[in-house]
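Remarks on the structure that follows.
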Amino acid sequence: MKYSQMLIPTVKEVPADAEVVSHRLMIRAGLIRKVASGTYTYMPLGHRTLLKIIGIVREEMNRSDAQEILMPSLQPLDLWNQTGRSVDYGPTIFCLKDRHGRMNVLSPTAEEVVTFHAAAEISSYKQLPINLFQISAKFRDEFRPRFGPIRSREFLMKDAYSFHATPECLEATYRVMYDAYCRIFRRCGVNTVVVQAETGEMGGSGSHQFTVPCETGEDVIVYSEDGSYAANLERAAVDPLAKEEPTAPPPALEEVHTPKVGSIEAVCDFLKTRPCDMIKTLIYATEEETVGVLVRGDHEVNREKLTQLFPGQRIELAEAKAIEACTGAQVGFAGPVALEARVSKLIVDHAVAAMAEGVAGANKTDAHLRHVVPGRDFSMESPGVLVTDVRNACAGDTFHGKPLLFKKGIEVGQVFKLGTKYSKKLGATFLDEQGKECHCIMGCYGIGINRIMASAVELGHDEHGIIWPVTIAPFAVLICSVNPEDESVATVSRRLYQELTERSLEVLWDDRPLRAGVKFKDADLIGIPVRVTVGKRSLAQGNVEVKLRREREGRDVAVEEASQEVQALVESLLSECAF
RNA sequence: CGGGGUGUAGCUCAGUUUGGCAGAGCGCCUGGUUUGGGACCAGGAGGCCGUAGGUUCGAAUCCUAUCACCCCGACCA
């Protein structure tokens, strides 16, 4: 392909709305353009990279005996109502009404539709297991699209769904998918960390998340230094803290007047104390009960851990009105003392149970209590009270005695064991060998195609531009003709282009009649792994210059040997991404 | 959804405080000189100042509404 004929709109200056490095470079290199918030067009170069990634994903899925299908993005809301996910997903789901008044969703994933097909087409254990996948546009009405293609409202996802007769069979396919994912990310040239993950609104019993560690990521990975433990923050467990032994018997409760001082920070300021000396009391509500949750002032409640304690229920922070009704005080003054009687359950985090004493709200507007002693001033043993782990891990925590470390990352893939959640709701059953009707056991497996692309840029770039892994680069080789009007340069360039193309290499030929500097800057920006520079200067010695994008210096190679040499280079780059 | 910010040329942004000819750099077009790391000279095209109302002799500038986009937050009581 000739550069002069291709739409590669590189820019020197970055549009103001690009924040993170991958977003900036993808715009500067002319890979993408924004259409509206969270929606992007992939320009020719960017599209080629998407196709490369899709190709690798497709190959590995096929190799794993998954079968490709294509389901509609437009799906009846009714199916989503049947599984209850129209509610679980909430406002993140794109919903639209057609001219007949029917409600439709723009698919964020496809468990409902694929299970609908399984219900219709699968009737015998002899048809199982089966693994179906598609690569298609997905839609999420994100409350806040950001980081360019990393969190967009429309994106490309590979989603696979497997159906099984037995848990062992699911286990086997789960393993196969897990291995396929390792190969896919390795072949795409992005390093991933695999962590235990929560299943969120997908439901199910087990999950692993594939995360690319980098600063831009929105996910937090928690791990121990020796690698024996890794989980995402939603799931990361912590050891209970050691019980603080008071030096002296704690004084009696003391009420202090704290007018309009509601937040942890304000109370600390006002009472000259520290967040870690406070007991934070949060009031949650499910459909039928009110729940009190106690964490230390410097800790955060972990929503997933809390949700686990109330299976089958939605648990949300209570509304201000409900909080006032429950505590008898304005928001900001809830506290554990005498709270047990006002809530149906009281969840106490281990770290609170370990405190010798603390400061807490007094359940009375504009008042706090000092010297609140867990166990003395509120029970930790009665039936309505549960002492457990409900907070996020944080710096200083350990698990199994090993210090926990934290790293940000971009989630690029996740595998789930779903179980029978969807097959039960949608009636996907089969007859087993005994003729007994059973529900299909399911797994599902997702990969964010655009996120692989963005992650690769996050991992592979320098101050001049992108450095693509050869496997997903838009082209493997760039021929840069620095004096294209010179006859010998034109001839040698054309010859090299032909030779390399005949060797099945994908070549972009920069034939533009521009100054060398401009062309080199563009070359660095778009990040093609191998650059062959053809110019009068080296041609005088019968040479061209061959340079890797990731290396500073190139070297001269005789024209006759150039294509052979370049092919060898490309192959050695390819072997770095082989598994 | 809450808070903050920004909408002026394809891009980055001045001009708005204090109302008075629509600006700069980059990019684009033409001609010339250059030609291995974003060249130089000369000429040129390009904007209903987000949109709709209002105030005024006069509005990019002041007022009102509205839309879009960006940032922070959205469990820290």
Side-chain angles (χ1 to χ4, degrees), chain A residues 9-20 23 27-28 30 33-39 90-92 141-148 234 258 260-268 275 278-285 291-307 315-320 322-324 326-327 329-335 349 360-361 363 365 368 390-392 394 464-465 480-486 489 510 512-525 531 533-540 543-545 547 552 554 556:
Chain A
T10 59
V11 282
K12 253 195 277 194
E13 280 175 299
V14 202
D17 54 12
E19 275 254 303
V20 301
H23 188 193
I27 288 174
R28 286 197 55 211
R33 284 293 184 265
K34 186 171 74 173
V35 175
S37 178
T39 57
T92 304
D141 193 358
E142 295 288 352
F143 39 57
R144 190 170 160 209
R146 60 177 136 184
F147 301 150
E234 276 78 57
T258 50
K260 298 199 166 53
V261 181
S263 71
I264 293 283
E265 204 172 282
V267 174
C268 286
M278 295 203 47
I279 299 170
K280 185 158 63 179
T281 307
L282 298 104
I283 308 298
Y284 280 83
V291 178
V293 179
L294 306 184
V295 293
R296 216 167 70 183
D298 58 330
H299 287 156
E300 295 174 18
V301 171
N302 181 307
R303 181 68 168 277
E304 290 297 331
K305 291 178 184 175
L306 183 61
T307 304
I315 182 157
E316 300 276 359
L317 270 186
E319 309 271 331
I323 294 173
E324 284 165 22
C326 172
T327 64
Q330 280 178 17
V331 170
F333 301 94
D349 185 70
N363 293 327
T365 300
H368 278 78
V390 279
R391 68 177 173 95
N392 283 343
C394 61
H464 302 296
C480 189
S481 307
V482 287
N483 316 100
E485 70 292 335
D486 181 273
V489 169
D510 190 349
R512 297 173 301 168
L514 300 176
R515 295 170 62 83
V518 175
K519 299 172 72 150
F520 289 146
K521 290 290 181 192
D522 275 341
D524 287 346
L525 195 50
R531 186 182 85 190
T533 307
V534 184
K536 273 195 286 193
R537 189 194 283 174
S538 40
L539 221 46
N543 290 332
V544 295
E545 186 211 61
K547 179 184 166 300
R552 194 172 286 272
D556 285 345

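In what follows, chains carry the letters A, B, and so on, assigned in the order in which the sequence lines appear, proteins first and then strands, with residues in each chain numbered from 1.
Base engagement by A:L317 is indicated by at least one non-hydrogen atom pair under 4.0 Å involving a base atom. Among the protein residues, A:R28 comes within range of the nucleic acid bases, having at least one heavy atom under 4.0 Å from a base atom. Counting non-hydrogen atoms under 4.0 angstrom, A:R552 reaches nothing in the nucleic acid. Note on A:E545: a base of the nucleic acid sits closer than 4.0 angstrom, heavy atoms only. Nucleic acid contact for A:L306: none, since no nucleic acid atom lies under 4.0 Å from a heavy atom of the residue. Among the atoms of the strands shown, none is found under 4.0 Å from any heavy atom of A:D298.
Checked against side-chain hydrogen bond (donor to acceptor under 3.5 Å, both in side chains), A:T327 has no partners two or more places apart in sequence or in another chain. Under the rule for a side-chain hydrogen bond (donor to acceptor under 3.5 Å, both in side chains), the partners of A:E316 that lie at least two apart in sequence or sit in another chain are A:R303, A:R314.
Taking 4.0 angstrom as the limit, A:R303 places none of its side-chain polar atoms (N or O) nearer than this to OP1 or OP2 of B:C75. Between A:K34 and the phosphate of B:C70, there is a side-chain N or O to OP1/OP2 separation shorter than 4.0 Å.
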Restricting to nitrogen or oxygen on both sides, can you table the protein-nucleotides 9-12 of chain B pairs closer than 3.5 Å?
residue : atom : partner : partner atom : Å
B:C11   : O2   : A:E13   : OE1          : 3.4
B:U12   : OP1  : A:A16   : N            : 2.7

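Nucleotides B:A42 and B:U61 place their C1' atoms 36 Å apart, quoted to the nearest Å.
Nearest approach of A:R391 to A:V295, heavy atoms of both residues: CB-CG1, 4.4 Å.
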